[in-house]
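Each chain gets a letter, A, B and so on, in the order its sequence line appears, and its residues count up from 1.
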Amino acid sequence: MLTNYTISIFTMNTVGLLNRITIIFTRRRVNIESLTVSETERKGVSRFTIVIKQENREFVEKLVRQIRKVTDVLAVFGYLDDEIVFNEIGLFKIATPLGGIPVDVKTINLDWNAKIVHFGLDYVVVEKNGSEEEIQEFYTYLKKWEILEYVKSGRVAVGKTEKGLVEFLPEEGNWEIV
Amino acid sequence: MGQTQTQTEAANQPGQKKFLSGAQAIMQSLVEQGVDTIFGYPGGAIMPTYDALYDYQDRLKHILVRHEQGAGHAAQGYARMLNKAGVCMVTSGPGATNLITPIADAMLDSTPLVCIVGQVKGNLLGTDAFQECDLIGISMPVTKWNYQVLDANEIPEIMAKAFYIAETGRPGPVLIDITRTAQTDLMTVPFEYKPCTSIISYKPRVEPKAEHVEAAAKLINSAKRPYILAGHGILISGAEKELNDFVDKTGIPVATTLLGMSAMDADHPLYVGWPGMHGNYGANVLTNSCDVLIAIGMRFDDRITGDLSTYAKQAKVVHIEIDPSEVDKNVKADAPVVGDAKAALQALLPLVNKADHSEWRAEFKKYDDEEYEKITKKDLFHEGDKIKMGEAVNLLSNKTKGEAVVVTDVGQHQMITNRYYRFKKRNSIVTSGGAGTMGFALPAAFGAKVAVPEREVVAVIGDGGFQMTLQELGTIAQSGLPVKIIILNNNFLGMVRQWQQLFFENRYSFVELQNPDFITIAKGFGIAGHTVSDRAELSDSLDTLLNSDKPYLLEIVCEKEENVFPMVPAGGCVTSIRLE
Ligand SMILES: Cc1ncc(C[n+]2csc(CCOP(=O)(O)OP(=O)(O)O)c2C)c(N)n1
Ligand SMILES: [Mg+2]
């Protein structure tokens, strides 16, 4: 059975690191489902969130060790879905021509916990945060309108442990808060 | 030139305002790092640095190779002898891509290299400028670390970091891509070289954890049929003495991997040969009879394990290894010990019990005897007209008392050399294991000789592989260093021919060579040599080779279709080893 694994990688902020990390996946024919990179709350530390689907846990553990080996990587964690809080963002651009079905703002807000973030002349942009499944369900709901564009971000996730990031970083660092 | 000289000197005097150029900073960094030798080849994008080198010739020996691949392999030979980074310096584009094969080889064989590579000017990056090539991208999968320098001020820090990363932990190649502008620009701060001693995101563990050592000792003490596989890690960490002490106390038989050869005296009573595809009979078969397998500084390469699903399944595994990603990668460890081989063995020694294991050791002897009857005897005391590779190597081993540095290329001659050369001295093998790079031996032997000129260095090369880097005869001749070169000429790409014979129904597909006159070629480069094809003259021929105080090439014409045995078929079980 394919299981989602979310790999959180903390790195120094160096040029070319994205490539160095992704080749570890491509070389082993692992498809990256989603990847996001952002600055963390600590200066100079970047965070990669990579989602993969794998059958074999041991394989993921080996992958994590290979990533840890990259010189500029500070720490790596592989998580199962129940070990993290995670979310994605979907943006939907929906046609609202004169005479078409009006968008039901109330249902969108209250039932779907989504919001309209931009009103165009004959379209609106709706933002929905949630899990991949929730965004997918929302997509189905929106199908009664013409969807002009749809885009979804990769997953971002934080661990459910009590610890903060800095406790995972090498001790001697001066991990200044941004 | 005069002016650059003054700049260098000025920068070294406090209170002076003039600063080093990036190129001078590279040179000064090398000097302060303690580098004495650079293997290199100039060209446009590295010319400013070669210009700076002009003024550093008294402090840095530069060796001009004939092809950048030669620079890389020579630096590998040098690095393997001294266990410190070999340095190469080449130009951008084709100069740098020519270095990729040695870099990949060094990555697989854990060899420290610092490769200084020229790059086009900073403002031309990404424009497909003349001789521009994305070396950072190309080298990423085959380097331990790489970095592109755009700013001259960065050079001392980056150079220090390069050496630190290359030489510590599991050693490996590092590539520094330096734009022409970073070489020509003057630094805007005084040059200061601080050796790198720590990197926050890179913390190789040297000292193993006490609880891991204790768990390993417990397993070892409980073993009735323990067996040690000692790898390259022993040579890299200089743990030969620790290995010997450990073995003498515990009475555990030891095999060394291809790259771990010479970790132990071949005549030590507990030495049982080598495991792997062309390794020894007992060393392979008994892997599947031992109860505790103790792997030290080795990574269970597929050429050693064959079929993993049948490999040492009955055994508990102790794995001492500096690279945590190797632990549990191919073979699951019951007692992993992450750390340096030397430190781990030192920690283990007081915890292990004295033992004898003579019955278990006798089992190896049984297999040895059979191997001797079926293979060794025929290889060494052959009666046909043609010389066999084995007898040539055996004679070489005797004549050099097992004390030479032996550098082998890739193929049948490589396996035969490792079979029959009886290493008596530590750190004496240089061969391309993980990559199996033909063309490795000639430049690597040269690099080894540069590193340890006082030792006899003998390259054993196949007729095929010799033709891949033979231009380095020019480098050897120019240096005058007495590198001894043996070509074991079977007129075939022998190893491939053997596979075609055994596994492809004798269908010899493009493996026969029409060879040049190797002696004439050597002569053209100013290197003396001769050919021997008659057994009666073999001994004298080897004497001539070994007694020469100049480089010398001996071509030994061998039986054409000799096969190397034992052999574990690729991906087979270690017990499916064939003796014929
Ligand atoms: C660069 C490179 N190309 C191809 C091979 C595949 N290969 C392995 S051994 C071998 C034959 C080597 O022939 P030779 O150098 O004559 O040595 P022999 O096996 O005959 O002793 C070949 C082609 C290789 N290892 N390296
Ligand atoms: Mg040959």
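Counting heavy atoms of neighbouring residues, nucleotides and ligands inside a 6.0 Å radius, atom NZ of A:Lys163 does not exceed 12 of them. Around CG of B:Asp128, the count of heavy atoms belonging to other residues, nucleotides or ligands within 6.0 Å does not exceed 12. Few gaps surround CD on A:Gln66; more than 12 heavy atoms of other groups in view lie less than 6.0 Å from it. Crowding of A:Lys115 atom NZ: a count of heavy atoms from other residues, nucleotides or ligands under 6.0 Å not exceeding 12.
The contact between B:Asp323 and chain A is made entirely by side chain atoms (from C-beta outward), counting heavy-atom distances below 4.5 Å. Only the side chain of B:Ile165 comes within less than 4.5 Å of a heavy atom in chain A; its backbone stays farther off.
Of residues 166-178 of chain A, those residues lying under 4.5 Å from chain B by any heavy-atom pair are A:Pro170, A:Glu172, A:Gly173, A:Trp175. Applying a 4.5 Å heavy-atom cutoff, the residues of residues 2-19 of chain A that approach chain B are A:Met12, A:Gly16, A:Asn19.
The distance from the CZ atom of B:Arg170 to the NZ atom of A:Lys69 is 5.0 Å, given to the nearest 0.5 Å.
Considering A:Glu58, A:Arg65, A:Glu61 in turn, A:Arg65 is the only one that fulfils the side-chain contact (heavy atoms from CB on, under 4.5 Å) rule with B:Asp328. With respect to B:Tyr202, the side-chain contact (heavy atoms from CB on, under 4.5 Å) criterion is satisfied by exactly one of A:Thr71, A:Val73, A:Asp72: A:Thr71.
Remark: the A:Arg20 side chain and the B:Thr143 side chain contain an N/O donor-acceptor pair separated by less than 3.5 Å.
In terms of heavy-atom proximity, B:Lys329 sits nearest to A:Lys62 at O-NZ, 2.6 Å.
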